[in-house]
Amino acid sequence: GAVVSQHPSWVICKSGTSVKIECRSLDFQATTMFWYRQFPKQSLMLMATSNEGSKATYEQGVEKDKFLINHASLTLSTLTVTSAHPEDSSFYICSARPSGRANSYNEQFFGPGTRLTVL
Amino acid sequence: GNSVTQMEGPVTLSEEAFLTINCTYTATGYPSLFWYVQYPGEGLQLLLKATKADDKGSNKGFEATYRKETTSFHLEKGSVQVSDSAVYFCALRNFGNEKLTFGTGTRLTIIP
C-alpha cells in the first residue's frame, strides 16, 4: 500500500514551453502533497507544500508564478513549469501525506520522480 | 536553519561486507531523524527512523542510533547484499513540523 505515482517519468521540452507533471496517490487520500527538486549530487529541496482545495505554500526563493501547483482532489496534485528554460532542468519529486489520524508520524510517501530536460 | 550532511558516494562494497554511511545534522530543537532508501526506478521509501536521543531505528538488518551529543545518525549494516544497492538519504524533521530536510544521498553498490 501507500503508492505514489508520477507522470511522466521523463520529459524533454523546448525552451519557452510549459510542462505539467502529475503526482497521484494510488491507494490513499492525501490532503497534503509536497514537491521537491533535486539537482545532481545535491539534496532534495522542498519547493512547495500543496494542500487540497487551497493555495500552495511556496518555500523562500521559489517563484510561484513559475511553478504552478494545483491540488484539485485528494489523490492528485500537478506541478506546471511555465515558460521553461534550461536552468529549470532537474529531477522533480513529489510526496504525499496520508490523511487521517493513523498517520501520527506525518509520514510521507514518495513518487519515483520526473526528469525534466529543457533544450 | 536545519541541515544534513552525509557521506559522499558512491560507495562500492563486496557482498557480506560491513556498511557504514555517516550522517550528521544541524537543527534547532529536537528533530526526528530518518533514513530513506531509493531503489532504481522507485520512489524514496522510509527505511528507519528515531524520534529522540539514544533511540535506535532498525529495519531489514540496517540500524542507526540517534546520538545527540555528536549530532549524528550513522547508518550501519553488518552484512550487505546485492539487493541493498540503492541510494540512501539521511533526513530530519523538527517536532511539530511536517517539512523534511534531506542530505545529498549516498549511492551504494554491492558487488557479488
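If you're wondering where the values come from, they're calculated on a predicted model, not measured in any experiment. Chain letters run A, B, ... following the sequence lines, proteins first, then strands; residues in each count from 1.
- Contact between Gly41(B) and Pro112(A) at its shortest, heavy atoms only, is O-CB, 3.8 Å.
- In this structure, the portion of Tyr36(A) lying under 4.5 Å from any heavy atom of chain B is its side chain and not its backbone.
- Open room surrounds CE on Met45(A); 12 or fewer heavy atoms of other groups in view lie less than 6.0 Å from it.
- Residues Gln38(A) and Phe89(B) are in side-chain contact: their nearest non-hydrogen atoms beyond the backbone lie under 4.5 Å apart.
- In the hydrophobic clustering of ILVMFWY residues, with side-chain heavy atoms under 4.5 Å counting as a link, Trp35(B) and Phe62(B) come out together.
- Summarising the geometry, atom CG belonging to Leu100(B) is positioned 5.5 Å from atom CZ belonging to Phe110(A); distances are rounded to the nearest 0.5 Å.
- Neither the backbone nor the side chain of Ser9(A) comes within less than 4.5 Å of any heavy atom in chain B.
- The local environment of CD in Glu42(B) is crowded, with over 12 non-hydrogen atoms from other residues, nucleotides or ligands closer than 6.0 Å.
- Residue Ser5(A) does not touch chain B at all, counting heavy-atom pairs closer than 4.5 Å.
- If you measure heavy-atom distances from Leu44(A) to chain B, the contacts under 4.5 Å come from both the backbone and the side chain.
- Of all residues spanning residues 58-85 of chain A, those with a heavy atom less than 4.5 Å away from chain B's heavy atoms are Glu59(A), arranged by number.
- Atom CD of Glu15(B) sits in a crowded spot, with more than 12 heavy atoms from other residues, nucleotides or ligands closer than 6.0 Å.
- Placement of Val4(A) and Met33(A) in two distinct hydrophobic clusters is found when ILVMFWY residues are connected by side-chain heavy-atom separations under 4.5 Å, directly or transitively.
- Val11(B) and Leu47(B) fall within the same hydrophobic cluster, where Ile, Leu, Val, Met, Phe, Trp and Tyr residues are linked whenever their side-chain heavy atoms come under 4.5 Å apart, directly or through other members.
- For Gln38(B), the part lying near chain A is the side chain, with the backbone staying farther off; criterion is any non-hydrogen pair under 4.5 Å.
- For the atom pair CD (Glu107(A)) and CZ (Arg93(B)), the distance works out to 8.5 Å, reported to the nearest 0.5 Å.
- Put simply, Leu46(B) and Tyr25(B) are part of two different groups of oily side chains (I, L, V, M, F, W, Y) that touch within less than 4.5 Å, one to the next.
- No more than 12 heavy atoms of other residues, nucleotides or ligands sit less than 6.0 Å from atom OH of Tyr30(B).
- Interface residue Tyr36(B): only side-chain heavy atoms are found under 4.5 Å from chain A.
- Linking Ile, Leu, Val, Met, Phe, Trp and Tyr whenever their side-chain heavy atoms come within less than 4.5 Å puts Val19(A) and Trp35(A) in one cluster.
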